[in-house]
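Every heavy atom of this structure was used, including side-chain atoms; hydrogens, water molecules and symmetry mates were not. What you are looking at is a predicted structure, and each value in this text was computed from that prediction instead of being measured.
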4 protein chains.
Amino acid sequence: MAKVAVLGAVGYAGAIAAQILYRHPFFELSAVTARAEAGQRLDDVHPKTRVPLELETFDGQTADAAIVAYPHGAAAPVVAQLRERGVRVVDLSADFRLRDRTTYDDWYGEHKAPEIFGQGVYGLPELNRAQIAGADLVANPGCYPTAALLGLAPLAKAGLIGDVVIDGKSGVSGAGRGATPATHFIAADENVAPYKITGHRHTPEIEQELSALGNDVTVTFTPYLLPLAQGELVTSYVTPTRDVDGEELLTLFDELYGNEPFIELREGPVGVIDVRDTNYCRISWHHDPRTGRVIVFAAIDNLWKGAASQAVQNLNLMFGRPETEGLR
Amino acid sequence: MAKVAVLGAVGYAGAIAAQILYRHPFFELSAVTARAEAGQRLDDVHPKTRVPLELETFDGQTADAAIVAYPHGAAAPVVAQLRERGVRVVDLSADFRLRDRTTYDDWYGEHKAPEIFGQGVYGLPELNRAQIAGADLVANPGCYPTAALLGLAPLAKAGLIGDVVIDGKSGVSGAGRGATPATHFIAADENVAPYKITGHRHTPEIEQELSALGNDVTVTFTPYLLPLAQGELVTSYVTPTRDVDGEELLTLFDELYGNEPFIELREGPVGVIDVRDTNYCRISWHHDPRTGRVIVFAAIDNLWKGAASQAVQNLNLMFGRPETEGLR
Amino acid sequence: MAKVAVLGAVGYAGAIAAQILYRHPFFELSAVTARAEAGQRLDDVHPKTRVPLELETFDGQTADAAIVAYPHGAAAPVVAQLRERGVRVVDLSADFRLRDRTTYDDWYGEHKAPEIFGQGVYGLPELNRAQIAGADLVANPGCYPTAALLGLAPLAKAGLIGDVVIDGKSGVSGAGRGATPATHFIAADENVAPYKITGHRHTPEIEQELSALGNDVTVTFTPYLLPLAQGELVTSYVTPTRDVDGEELLTLFDELYGNEPFIELREGPVGVIDVRDTNYCRISWHHDPRTGRVIVFAAIDNLWKGAASQAVQNLNLMFGRPETEGLR
Amino acid sequence: MAKVAVLGAVGYAGAIAAQILYRHPFFELSAVTARAEAGQRLDDVHPKTRVPLELETFDGQTADAAIVAYPHGAAAPVVAQLRERGVRVVDLSADFRLRDRTTYDDWYGEHKAPEIFGQGVYGLPELNRAQIAGADLVANPGCYPTAALLGLAPLAKAGLIGDVVIDGKSGVSGAGRGATPATHFIAADENVAPYKITGHRHTPEIEQELSALGNDVTVTFTPYLLPLAQGELVTSYVTPTRDVDGEELLTLFDELYGNEPFIELREGPVGVIDVRDTNYCRISWHHDPRTGRVIVFAAIDNLWKGAASQAVQNLNLMFGRPETEGLR
């Protein structure tokens, strides 16, 4: 049994992390924190969690581990503080995902805990299992990078990605819990529109990890908001570095993912409803004989595999537990 | 040709009123006002209007008439100011709907222009056509009262309403343009919940007008928010004062509404999608032989017949124009 | 360990029942059956179940128990056959819910297994726990009756229901898996409409059980289809037989439900999203001081507490297991 | 005044064409036809049209013009019959869009009126105005080609399209009026999935017209179904044949579209809700400085500009009427 606190438990991802940990056979959810909602019970703020714990303000509570669900920038100093006290951390923010300081500062502003910058292990278990197992600080991937990288990894590892256009379609929960013009029902309902065109912060994260798997790649990434609550479908349109055929693709995907507990390879179209509220990623790939392009679809729940449940998957690895524990 | 200004043109109802007037054969949309958005064009704030006019702050512009789309309380002093200058007004707020001052103050707080309180003609054309024609100040009905009263009027006029339960189901635009926890996509999507149980401000308005049509009635009214943008379905469950049968009901509804241009009587179920973006009200009534109850369904678009297009219907009457002008 | 088959596992409710049983600590899902889809895997037809079993045609497979998810009429002969072989049954159809043969025949047509008509125990655990525990044939309640009865039971037991109007709002899954004009996305999206006005078959079921709890009651029940997938909000507008106040109501609800594991009493509005994919029923009651009426809201997931998970709750009771096993 | 019949008026596009023509200042809607629904009134089948005409079976009615809204394959012989009698035709099917017979037969099967194959003028008014004006047979473009071509034309005409990936996101009405598993509310709600991957029939149509505007292009086109009723957002990711910058792009789009009545150029993101129920196409283009790619977004209503209202725009041109008549 290990005690885990969830810091920032009233955001969508934090709440789901708390919900999973509260029922986890090994971890004990020792504290849930929030600022504005302190004093309320988590299941009053988020009934679906059915976690009857009172929200506390964070003032140095200790635990064996913590999931930190703070916004970018705000997470870094808290993570630093936790690490000083020996608390193992899975951080949901972007603060420890990038390895190049200049890139971080360019996209997110000056880092708030530079002394530990770059110490996070990138927490995509399917690609990084061994390093996560021994890590004290895991940087949980962004939602779009999770789906994009899982879809592209078999090609990247084979050095096949010549050029790639990434089109990411997300439910509204991806825009966060804040009541803004963009998250108003009337703005999102019956609509679809791109946002942050050519400037979404997940771009350098995708490029860093793709390049680490194979050759250097610069991506065109465009996200879209869709009228649904949870779910993310990421399509990667790949111009391969050389001709490939269906059989080779099948081998690449099967070899990498044949035994993965949370990867579901499918032949036909994949839809986000099929992975809703789960840690699964469904992947489907297609060879376009007319252009030679490879099209890869990856569907996840942006709040689960794209955030909260992947954090628990990482925790499982960090504590030597079965990777699927508490996640099925 | 008469000049009409829309005050508060960036709210949902104000924008639609501007959209209709901009294309109206008789009225000329002379000004659209807003506070925060002044300087922007209305079609930038609300593209669907395609009204390329610049939003101004309101500082005493004059016109032949004005549609005032301000919140309750804020409307009254502006309406008073306009009336002093001889501008004819259709007011979308509740400030001039009620005739009893105490009732108004109880439900809305102290009235801000008591000198003209009670001078509004209740603007439900199907029931009040003659008075509206000669009025200088028309109080446009609330959305729920519009549907409830149109559905119940044939029974009320015949003194048949012994008791009535009113269940009102509305799209999210009814909750207004403000980004709040209630209007967040994630709160409304895949959900349905009641609000303001036993305390919605449209209750006294419905009772006042129902009682004016027939005998005194106290209603139980409960509104619900549904995961759709526009549309309102109001069901009235009536315990009649005496036995009625289908034939009598048919006669009552046909006599009152047989020639109404915006009332569509239907035998089967009515749905809100069929009146979306229109000034129509679809009505269907049913006699429950097992309990003797009469069930009336009335479907409107809450922003059109429940607000903006009904305001133009009233303007048409006030200026002696054909009632349907610009509304089909 | 007991073996349970799910007959009709490709309908929405059958699939969820299979999904729950597949992960149940005590029951073993021994077979899933279907006609048209026989030979396919259940998780190919319904990915969210993640039940990797092959669908079989039903031809007399035996098991310790069966959940029968057949349409009304089709269920009765299959249930009779199962009972003959000693298989304990939870039947999701209406075939064994009613106790009066004439009422059944009037609403559903001639019963197809008259020799065992009326032998079903009405499977609403919160009201009928003891009888269910010893039963071999449990008639799982309809979705609307589940919510209506749970909401009204405290009043019915106290003899307080003088008259009641029941307004039931359901997601589209309630209309079944068949592709029909009514279940087409374009028909349901952005719409709300009543259906089966004064003639829904759940009416006699509600009346039978309400009358069994207290005095005889004839209800007005009207269902509506809403643009959401799963969830049902049932509002009961009760004219009480005598004056009641909030304190008495609190006592009635607390006494009946204070210790119920799946009933969540709430003071404010209840929404269906909060019970989605669960066996919970959220209940909220309100006294309207202006009319004396009592308004009760009950929210369930129509496919879970309104069908599949309640079936497992009944199985738990029938086999002497903890009532919540496999359901949290 | 010219008489126009709409053949196949109960499909979504046919119904909207009838709705527009019924209110058109110049055209008179002389007949609406259907098979299964003959004898019913169009406004009973499609209330939103408010066209009170009775549906007839088609048996050689004549008119000055006809809009044919039949499925691919079924349209050709009917169009041939109409042309023999001198009726001018706008055909909504694909039967007269392609100019290469082999391509047609490969994608759609054998053509059913080969004697007039290839005689249709491609009815995209913004690119083909002059030819449409004199045409007797106009092939109305597919919905995806309409948006894709309008977005890409400024680049194609400048010979700038080196390579292009087209990602098309459509509402469910694009899947037609048939009640199928794909159009079931439960399949589409809260979901997004691709369909007809690498094999959608709009692919050769896009390629034919793109190549006609500039250099030969082979496209990768992937369509997706989104949980909304009407609206289509088509993104084109273009690898240009040479370096371009924002200023050059601005000039290209402005020169081609600066005076187009139905093209709305926008700088920021465009969403489909802003063109719902209109003949407008909103276009926004972006230069990705990191990859050199040009990203073009084009939003239309698939049933309006993507079908019915564009058909009327074509009719206006064919009959020498103002192009916007009846469409604003």
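Taking the charged nitrogens against the carboxylate oxygens, A:E56 and A:R35 have no contact shorter than 4.0 Å, which rules out a salt bridge. Contact check on A:E232 versus A:K305 returns no salt bridge, with no Lys/Arg side-chain nitrogen under 4.0 Å from an Asp/Glu carboxylate oxygen.
The residue among A:R328, A:R282, A:R50 with the most heavy atom pairs within less than 4.5 Å of chain C is A:R50. Interface summary for chain A: among C:R266, C:E264, C:H46, C:R276, the most heavy-atom pairs under 4.5 angstrom belong to C:E264. If you tally non-hydrogen atom pairs under 4.5 Å between each of C:T49, C:D43, C:T278, C:I273 and chain A, the highest count goes to C:I273.
Contact check for A:P223 versus A:Y144: side-chain heavy atoms found under the 4.5 Å cut-off.
Side chain to side chain, C:H24 and C:N316 meet the donor-acceptor criterion of an N or O pair below 3.5 Å.
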